Amino acid sequence: EKTKHKDGSSEKHKDKHKDRDKEKRKEEKSKSSGDVKIKKEKENGFSSPPRIKDEPDEDGYYTSPKEDSKPLKRPREEDDEDYKPKKIKTEDIKKSKKRKQEEEEDNKSKKTKSKDKRAPEGDNKKKKQKKEEEQKWKWWEEERYPEGIKWKFLEHKGPVFAPPYEPLPENVKFYYDGKVMKLSPKAEEVATFFAKMLDHEYTTKDIFRKNFFKDWRKEMTSEEKSTITNLSKCDFTQMSQYFKAQSEARKQMSKEEKQKIKEENERLLKEYGFCIMDNHKERIANFKIEPPGLFRGRGNHPKMGMLKRRIMPEDIIINCSKDSKVPPPPPGHKWKEVRHDNKVTWLVSWTENIQGSIKYIMLNPSSRIKGEKDWQKYETARRLKKCVDKIRNQYREDWKSKEMKVRQRAVALYFIDKLALRAGNEKEEGETADTVGCCSLRVEHINLHPELDGQEYMVEFDFLGKDSIRYYNKVPVEKRVFKNLQLFMENKQPEDDLFDRLNTSILNKHLQDLMEGLTAKVFRTYNASITLQQQLKELTTPDDNIPAKILSYNRANRAVAILCNHQRAPPKTFEKSMMNLQTKIDAKKDQLADARRELKIWLHKKKAVQRIEEQLMKLEVQATDREENKQIALGTSKLNYLDPRISVAWCKKWGIPVEKIYNKTQREKFAWAIDMAEDDYEF
DNA sequence: ATGGACACTTAGCAGAGATGGA
DNA sequence: TCCATCTCTGCTAAGTGTCCAT
């Protein structure tokens with residue numbers, strides 16, 4: 001079967017590729033550039049997964065949101081039998097029944113017993129305790145709603161709008177073509193957006209300037225429009241200096257002033273930062289509406305510089321329950337709409353003007369609604385673990401298929417699995433930066449080398465992925481994959497799709513047939529979590545002290561970040577900070593030498609020596625960690641890909657305080673995992 | 001199939017706030 | 001105590017994936 005070309009595809013991309021990415025820094029970042037050494041015996045758990053206990057898990061495996069039986073009317077009961085032994089199921093029901101009872105008792109006690117208990121202690125204390133109890137709500141021990149229903153009661157105060165524009169003082173002038181010009185308030189506001197960005201490189205970019213100028217002119221009066229015809233003749237320097245002075249002044253503010261601002265923020269948070277969802281007060285993630293400004297996408301974005309308009313109450317859709325107190329719009333304004341849709345999780349939405357997409361106000365990751373979903377995500381990944389071998393065998397078979405479509409699907413899936421590539425939905429051209437994922441890879445993004453660096457069948461990837469982060473990697477592949485790639489590339493232009501018979505919806509449909517709930521992104525979650533678990537096993541040395549163990553943890557985390565290509569710009573002061581640390585190490589070494597010398601004289605100084613030795617070790621570990629982490633971002637995988645129960649179990653097993661691994665916010669997000677995972681948890 | 005609307009997760013970065021050493 | 005540095009948080013862009021109409 002011959003590869004078919006998409007109509008006109010060879011023309012399609014030419015233009016936009018010409019001036020692609022002058023984004024130096026991002027270009028320079030590449031997978032290979034972080035010369036980090038990790039133990040890497042396997043690609044990513046691709047070969048044999050670690051041995052696991054054969055007995056059923058006790059830790060929620062079978063009682064996950066998705067898996068849990070009773071109250072949920074699940075669509076495909078029979079399917080579960082494949083991966084869930086009957087025995088377990090009954091056990092599960094028993095367990096959950098028991099749990100339910102406990103809950104009920106618990107609830108009763110909350111209402112009655114707790115009151116009684118606290119009655120003698122006075123009002124203040126009572127309130128405080130109640131609050132604490134609320135915070136400790138274990139939603140993961142409660143029954144869940146039937147699929148589709150997200151809540152029964154929802155009440156909130158609506159969004160906080162961006163502060164109104166404050167005109168510039170009279171003495172801050174704008175010049176056009178050398179002459180002072182007083183701008184109308186609207187034009188002035190948009191001008192200040194540009195002035196604030198003057199130091200940024202992108203105000204020098206053609207597209208940015210063009211887009212900005214076009215949108216700015218829309219805000220001008222007709223006189224302004226006829227005068228201001230050339231952006232290069234605009235002089236924003238006074239404005240720019242004024243804002244710099246302002247931010248300087250903000251830094252110099254007295255303690256009292258700062259305190260006042262802090263209190264005001266806290267008040268705002270207290271009033272608008274929470275909602276009531278089904279009897280519980282939950283934190284809202286982003287209750288503030290995005291302020292107007294100039295859009296700066298990431299990478300080489302065709303819309304950079306466009307005006308992001310001010311959102312008004314008239315743009316806002318409020319979602320809450322019928323029986324709740326609907327938040328009032330600001331005086332003199334109306335909401336666009338108030339609806340009562342409990343099939344969705346958002347409280348507020350509006351349409352943004354750059355891409356025309358919808359933005360939402362939703363709950364914090366610590367909330368029940370987000371947590372359940374997160375938990376469920378990891379359970380799906382764990383189900384994949386059980387059938388991944390079968391799936392791998394299947395796609396290897398499919399490499400030989402007679403159908404081109406099947407072969408492409410199989411090779412793409414191999415990449416997604418082996419390299420943790422993203423799915424790669426198609427994107428509307430000209431609307432966004434030119435980035436790709438697996439299914440949208442083009443011929444120009446890979447290079448085939450029958451032999452490279454002494455290895456056979458090498459594929460060299462070089463493309464911009466999400467956020468225009470460069471993915472650069474050279475990987476040996478199996479001969480069959482290599483031959484298939486050659487076939488897919490035959491008679492194609494560089495701009496043509498590599499997988500021209502494939503897209504994400506075809507792929508996901510296929511995955512759905514292999515396992516319920518399986519989509520391309522599940523492979524990323526699965527491979528990330530399994531890699532962490534494996535690396536932790538390999539890297540943790542039982543006799544190490546805590547800092548050394550944490551270094552091991554970070555290395556395991558780093559292995560995942562590298563797999564997922566989570567990069568960051570090396571911190572601006574990286575070299576310096578590294579040097580400082582080295583200086584400290586040297587000083588500590590001197591100190592140690594001194595102390596040792598003294599030790600000879602005063603043996604009782606032993607303690608001091610030990611302490612210093614420990615400090616030195618800590619510093620050296622810190623240096624290693626920092627060096628290895630130069631351009632790796634650990635946060636993303638920690639927050640989104642790694643089953644938190646793996647980390648919690650590791651902490652419990654080795655006596656590491658969980659605070660060393662997760663900060664406060666993270667502990668809130670992963671409260672469910674911290675509560676339920678034991679030291680023997682297996683992903 | 002294709003495309004658009006929609007909902008929700010994942011992502012890096014800037015600036016605020018916390019920390020710790022001189 | 002001050003300042004430099006490090007860590008965390010907020011922000012919002014940019015993905016994924018589903019559903020529905022055509």
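Numbers restart at 1 for each chain; the letters A, B, ... are given by sequence-line order, proteins then strands. Please read these numbers as outputs of a predicted model, since none were measured by experiment. Below, all heavy atoms of this structure are taken into account, side chains as well, without hydrogens, waters or symmetry copies.
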So does [X] get a side-chain nitrogen or oxygen closer than 4.0 Å to the phosphate oxygens (OP1/OP2) of [N]?
X       : N       : answer
Y641(A) : dA11(B) : yes
T435(A) : dG15(C) : yes
T636(A) : dT10(B) : no
N265(A) : dA16(B) : no
K150(A) : dA7(B)  : no
R283(A) : dG10(C) : yes

Given DNA chain B, 5'-ward residue of the pair V344(A) and R524(A), judged by closest heavy atom: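 Looking at DNA chain B, the more 5' nearest nucleotide goes with V344(A).
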
Starting from the 5' end of DNA chain B, give me the residue, K466(A) or T351(A), whose nearest nucleotide shows up first.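 Going by which nucleotide is closer to the 5' end, it is T351(A).
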
Mind running a 4.0 Å heavy-atom check of residues 360-370 of chain A against DNA chain C and sending the residues that fall below it, in number order?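 Going residue by residue through residues 360-370 of chain A, none turns out to have a heavy atom under 4.0 Å of DNA chain C.
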
When you check the gap from the basic side-chain N to the acidic O, do R368(A) and E372(A) get nearer than 4.0 Å?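 Looking at R368(A) and E372(A), the cut-off is met.
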
How would you list, by chain and number, every residue that makes a side chain to side chain contact (heavy atoms under 4.5 Å, CB included) with [X], sequence neighbours excluded?
X       : value
K244(A) : D199(A), S240(A)
F274(A) : L269(A), K281(A), R283(A)
K427(A) : T432(A), T435(A)

Is the gap between the ring centers of Y471(A) and F463(A) under 6.0 Å?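 Between Y471(A) and F463(A), the centre distance is under 6.0 Å.
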
Validation row, ring centre Y472(A) to ring centre F461(A) under 6.0 Å: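 No.
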
Using the side chain to side chain donor-acceptor pair (under 3.5 Å) criterion, which residues pair with H156(A)? Sequence neighbours excluded.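 If we apply the side chain to side chain donor-acceptor pair (under 3.5 Å) test to H156(A), skipping adjacent residues, there are no hits.
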
Partner of S367(A) by side-chain contact (heavy atoms from CB on, under 4.5 Å), out of M277(A), E282(A), K669(A), K373(A):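 Per the side-chain contact (heavy atoms from CB on, under 4.5 Å) rule, the option paired with S367(A) is E282(A), out of M277(A), E282(A), K669(A), K373(A).
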
Write out a two-atom table: protein N or O, nucleotide N or O from nucleotides 16-19 of chain C, distance below 3.5 Å.
residue, atom, partner, partner atom, Å
dT16(C), OP1, A423(A), N, 3.2
dT16(C), OP1, G424(A), N, 2.7
dT16(C), OP2, N425(A), N, 3.0
dT16(C), OP2, N425(A), ND2, 3.2
dG17(C), OP1, T519(A), OG1, 2.9
dG17(C), OP1, A520(A), N, 3.2
dG17(C), OP1, K521(A), N, 2.7
dG17(C), OP2, N508(A), ND2, 3.1

Which nucleotide sits closest to the side chain of N640(A): dG10(C), dC8(B), dA11(B)?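 That would be dA11(B).
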
Which nucleotide in the list dT9(C), dC8(B), dT10(B) gets nearest to the side chain of K373(A)?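 Comparing dT9(C), dC8(B), dT10(B) against the side chain of K373(A), the answer is dC8(B).
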
